[in-house]
Protein chains: 2
Amino acid sequence: MSRASDRAFEAIRSMILSGELPAGAQVVEEALAEKCGVSRTPVRDALRRLESDLLVVRTDTQRSFVADWSLDDVADAFELRSILEAEAARRAADQMTDGALARIRAANRQIADAIMKPVPDVGGFLEGNREFHAVILEVAGSRRLASLLGTLIEQPVVWRTAHHYSREALYRSHSEHDELIAAFARRDGGWAKAIMTSHILRAYHAYAEAHGLTAEFQQAAE
Amino acid sequence: MSRASDRAFEAIRSMILSGELPAGAQVVEEALAEKCGVSRTPVRDALRRLESDLLVVRTDTQRSFVADWSLDDVADAFELRSILEAEAARRAADQMTDGALARIRAANRQIADAIMKPVPDVGGFLEGNREFHAVILEVAGSRRLASLLGTLIEQPVVWRTAHHYSREALYRSHSEHDELIAAFARRDGGWAKAIMTSHILRAYHAYAEAHGLTAEFQQAAE
DNA sequence: CCAGAGCTATTTGTATACATTATCCCCTCA
DNA sequence: TGAGGGGATAATGTATACAAATAGCTCTGG
């Protein structure tokens, strides 16, 4: 991570995820280069990567803009993610090891700790959640599947609204994870796939509900 | 396509697809730059794109090599492709227009013309096939889905062995397309999805069978 | 007042030189 | 003789200068 292009990638990505670079804003290589303290070369590199992650889009005329995620876009991304994560869960169940299962259980324990606190620790929840899904993907053992999902899991809108999830939504997510663990323990791929599909789609609906509440908030912030 | 980086991308990609750059070979920026008549900058650009298409892989130490597709890799790619193309077919059926349907029919007519010839015109078949699936993807109307499938459809091994498909396999592919057209005409998403799934998986098995026959041939050519 | 052409300013594309890093080979020393 | 270190080598990472292209503006002519 000491490479300038990696630093630029992380920096720009976090600017987009945090909303510092708002959706639709033009991204200019030289301005970002100065902001990141590097030259245009690594910034170009970073922008190409962000473009393949669909966080940045380029017009036919070679200018780049922060991707504008409509509600339909988010629905689309969640739907595709549900399909691919379900496939990952199915494969993972077939090849699950005891070691990996222990790591998955530990991740869900971290989630439990985070959401049990008087004030839910959203950061801890997100971190545990990331680990939970990452281990499943790892056990699924497909470089290609991991690469495809990679472009879907980092969604600016989701990150920005994760703090608005209700406590019940967090609890429900945790208990769905428990059910997934049970399916993995039984090496039941069909069950794991079904739970994962509904798990991701439910997360979308939680997002969509929260979004209605936060839309005016987001507008006010601009 | 007049951009130097686009030319470099196409040139290197075709070197890989044709086998001129064999699997596992190290790719060196400066050598390719000289070969393409451009500087290293656009070559770097092209290599990053090829890398995100999984045609080129980089070791942890930043050196790049032509991706080596094992039989398992190919099976994996086909399986994921069957899942995503099936989803595309389902969506396309729901939103099919008469104009798009006509284009799909025309593409399959081109395929019919190509395979009816005394000596099957494999190039014409591949072109018609590409158009057939491209229109479906277009009607499905998801930038994201198109982007995900983009990394799966250009497979060096498949391109190199397409010429070994049997005439029966080509006929069968054409008639499966006809069945897909019927499903689209009825706007039956479930049917279209099921046909597409088996269509892609069957293509994989045709490839796997042909692969056994052509393995020694490929070795002899090297 | 509108339309269109041309100019200017801005931004990206490309080339090249230099810096950094990793590999490989050789040489030394135990 | 084998292992470990150090230097040469080769490749990539980065910076910068310059070229090309595009958008937006202004100015002119109808």
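All values below come from the heavy atoms of this structure, side chains included, with hydrogens, waters and symmetry mates left out. The model shown is predicted, which means the values in this text are computed figures rather than measured ones. The sequence lines fix the lettering, A, B, ..., with proteins before strands; numbering per chain opens at 1.
- Remark: A:Thr61 is in phosphate contact with D:dA23, judged by side-chain N or O atoms under 4.0 Å from OP1 or OP2.
- Taking atom CD of A:Glu51 as the reference point, atom P of C:dT12 lies 12 Å away to the nearest angstrom.
- Annotation: the terminal axes of the helix from C:dC1-D:dG30 to C:dA30-D:dT1 meet at 10°, where each axis is the rotation carrying the C1' atoms of four end pairs onto the next four (5 pairs per end, rounded to 10°).
- Legend: residues meeting salt bridge (Lys or Arg N to Asp or Glu O under 4.0 Å) with A:Glu138, ordered by chain and number and at least two apart, are A:Arg103.
- Only A:Val38, A:Ser39, listed by number, bring a heavy atom of residues 28-39 of chain A to less than 4.0 angstrom from any atom of DNA chain D.
- Residue contacts for A:Val27: at a heavy-atom cut-off of 4.0 Å it reaches the sugar-phosphate backbone alone, with no base atom in range.
- Here the P atom of nucleotide D:dT14 and the CZ atom of B:Arg48 are 9 Å apart, to the nearest Å.
- Between A:His199 and A:His177, the ring planes lie perpendicular to each other; the angle is over 60°, past the 30° to 60° tilted range.
- Under the ring pair (Phe, Tyr, Trp, His ring centres under 6.0 Å) criterion, A:Tyr204 pairs with A:Phe78, not counting sequence neighbours.
- Rounded to whole Å, the distance from CZ on B:Arg40 to P on C:dC18 is 14 Å.
- The listed nucleotides are C:dA22, D:dA23, C:dT16; the one nearest the side chain of B:Arg63 is C:dA22.
- Atom CZ in A:Phe65 sits roughly 12 Å away from atom C1' in C:dT12 (whole-Å rounding).
- For A:Asp121, the side-chain contact (heavy atoms from CB on, under 4.5 Å) test picks out A:Ala114, A:Lys117, with sequence neighbours left out.
- Nearer the 5' end of DNA chain D, as judged by each residue's closest nucleotide, is the contact made by B:Thr41, out of B:Thr41 and A:Thr59.
- Nucleotide D:dT22 holds its P atom 15 Å from the CD atom of A:Gln26, rounded to whole Å.
- Checking side-chain atoms of B:Arg187 against main-chain N and O of B:Met96 turns up a donor-acceptor pair under 3.5 Å.
- Rounded to an integer number of Å, the gap from CZ of B:Arg3 to P of D:dA21 is 7 Å.
- Remark: A:Arg58 is not in phosphate contact with D:dT22, judged by side-chain N or O atoms under 4.0 Å from OP1 or OP2.
- Residues that satisfy the side-chain hydrogen bond (donor to acceptor under 3.5 Å, both in side chains) test with A:Arg63, not counting sequence neighbours, are absent from this structure.
- The side chain of B:Arg44 contributes an N or O atom lying less than 4.0 Å from OP1 or OP2 of D:dG13.
- Atom CD of B:Gln95 has more than 12 heavy atoms from other residues, nucleotides or ligands within 6.0 Å.
- No side-chain heavy atom of B:Phe184 sits less than 4.5 Å from a side-chain heavy atom of B:Val139.
- A donor-acceptor contact shorter than 3.5 Å links the side chain of A:His205 to the backbone of A:Leu201.
- OP1 or OP2 of C:dG13 lies within a sub-4.0 Å distance of a side-chain N or O belonging to A:Gln62.
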